Amino acid sequence: MRFSGVIFDMDGLMFDTETLTYKLQKEIFDKKGIVYTLDWYKQTVGKRSEDILALFKELCGEDFDYEAFRAECREAYIDYTDRYGVPIKNGLFELLRYLREKGIKTALATSTTRRSAERTLRVSETLPYFDELVCAEDVSRGKPFPDPFLKAAEKLGVKPESCLSLEDSLNGIRSAYDAGTIAVMIPDLIPPTEEIKSLCFKVLNSLTDVIPLIEQESARNVQLR
């Protein structure tokens, strides 16, 4: 199997931003006197905004101002990353450089807004490594629907079935699988369920395992010719 493109999720996959986001959100809720646990946060990972809003209303009440909360979180995130940078997952730059050297196209498929995604990519100095970006505004239906990965493959000009998709979330894997791409999970905060494992081509420990996977599949493709 030879991959013509690799489609990356962003938060939790490329960057250790899920853990950071939980920390920042908990600090905000602590000031409000609201108990906010990691288990609560995990319920929001990989979810659409409307689903996250419903969860926060359950936690905080129907009058919860989600937009004000999002703005406060964004301000805290910008302040933190301006000071300390974006926490990068092991193996990310090695993988991006490898894909560039091999001429394999790359795309981002994220549920984050374009403004936020581009800023994170700029701050982390990874933006130049991506041929295409698919952000929240670019599709009418986000993950777990297949639209983000279908759009990414379309923008890359390659067939979905020749794309390797890298994800850390359950909904991300559902999206990548239903799009017809080769779904690989690299878990972050949430381990794969048996259902999710059945949708994955592989479950890897970290981004450092992706290059050996590509090399192995490329070698197998040569042997089958």
Side-chain angles (χ1 to χ4, degrees), residues 2-24 42 45-46 77-78 80-136 143 148-149 151-153 155-156 158 162-173 175-176 181-192 196 200-218:
R2 186 183 185 281
F3 303 111
S4 301
V6 176
I7 304 174
F8 289 74
D9 176 50
M10 188 175 75
D11 294 301
L13 185 281
M14 295 170 53
F15 310 114
D16 195 15
T17 43
E18 298 292 8
T19 302
L20 173 59
T21 298
Y22 167 68
K23 174 181 177 293
L24 298 174
K42 286 180 180 179
V45 174
Y77 177 82
I78 289 173
Y80 182 95
T81 52
D82 277 348
R83 291 168 180 251
Y84 307 109
V86 179
I88 294 170
K89 289 292 190 87
N90 289 337
L92 175 61
F93 276 105
E94 290 84 355
L95 176 57
L96 291 173
R97 292 183 187 115
Y98 170 85
L99 296 173
R100 178 59 57 87
E101 290 169 3
K102 296 295 182 179
I104 300 174
K105 296 180 179 180
T106 54
L108 185 77
T110 179
S111 300
T112 304
T113 63
R114 181 168 292 272
R115 181 180 67 164
S116 294
E118 288 184 345
R119 180 188 177 278
T120 296
L121 295 176
R122 281 196 300 270
V123 170
S124 63
E125 299 183 349
T126 55
L127 183 58
Y129 290 96
F130 285 92
D131 298 300
E132 299 290 348
L133 305 180
V134 175
C135 303
K143 303 170 188 178
F149 288 94
K151 186 70 173 179
K155 292 183 76 171
L156 288 177
V158 299
S162 69
C163 287
L164 179 69
S165 292
L166 305 177
E167 266 286 354
D168 71 287
S169 75
L170 308 187
N171 275 346
I173 288 295
S175 175
T181 67
I182 309 301
V184 168
M185 185 175 188
I186 303 174
D188 183 35
L189 295 179
I190 303 173
I196 292 300
C200 292
F201 178 66
K202 295 284 185 182
V203 177
L204 303 178
N205 292 321
S206 75
L207 289 171
T208 59
D209 298 322
V210 178
I211 294 176
L213 173 64
I214 294 174
E215 293 283 343
Q216 176 184 323
E217 293 303 314
S218 296

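Throughout, numbering of the chain's residues begins at 1 and tracks the sequence. Fair warning: this is a prediction, and the values are worked out from it, not measured in the lab.
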Rounded to the nearest 0.5 Å, how far does [atom2] of [Y] lie from [atom1] of [X]?
X	Y	atom1	atom2	value
Glu217	Ile182	CD	CD1	9.0 Å
Phe93	Ile88	CZ	CD1	4.0 Å
Leu24	Thr17	CG	OG1	10.5 Å

- Name all residues meeting the ring pair (Phe, Tyr, Trp, His ring centres under 6.0 Å) criterion together with Tyr129; count only those two or more places apart in sequence or in a different chain, and write none if there are none. none
How close do [X] and [Y] get, heavy atom to heavy atom, and via which atoms?
X	Y	answer
Lys155	Leu133	NZ-O, 2.9 Å
Val158	Cys163	CG2-SG, 3.3 Å
Leu20	Pro87	CD2-CD, 4.2 Å
Val123	Gly85	CG1-CA, 4.3 Å
Asp188	Asp16	OD1-OD1, 4.1 Å
Phe15	Ser124	CZ-OG, 3.3 Å

[X] versus [Y]: any side-chain heavy-atom pair under 4.5 Å?
X	Y	value
Thr110	Cys135	yes
Glu167	Ile7	no
Thr106	Asp131	yes
Asp168	Leu189	no
Val210	Ile186	yes
Phe8	Leu99	yes
Leu166	Leu95	yes

- Message: Whether the Thr112 and Asp11 side chains hold a donor-acceptor pair (N or O, under 3.5 Å, no angle test) is what I'd like checked.
- Response: yes
- Can you tell me if NZ on Lys151 sees more than 12 non-hydrogen neighbours from other groups inside 6.0 Å? no
- Query: Should we say atom CZ of Arg114 is surrounded by more than 12 heavy atoms from elsewhere, each under 6.0 Å from it?
  - Reply: yes
- Lys102: partners by salt bridge (charged side-chain N to carboxylate O under 4.0 Å, His left out), with sequence neighbours left out: none
Counting N and O atoms only, with roles assigned by atom type, does the side chain of [X] sit under 3.5 Å from a partner on the main chain of [Y], one being a donor and the other an acceptor?
X	Y	result
Lys143	Ala109	yes
Thr208	Gly91	no
Thr120	Ser116	yes

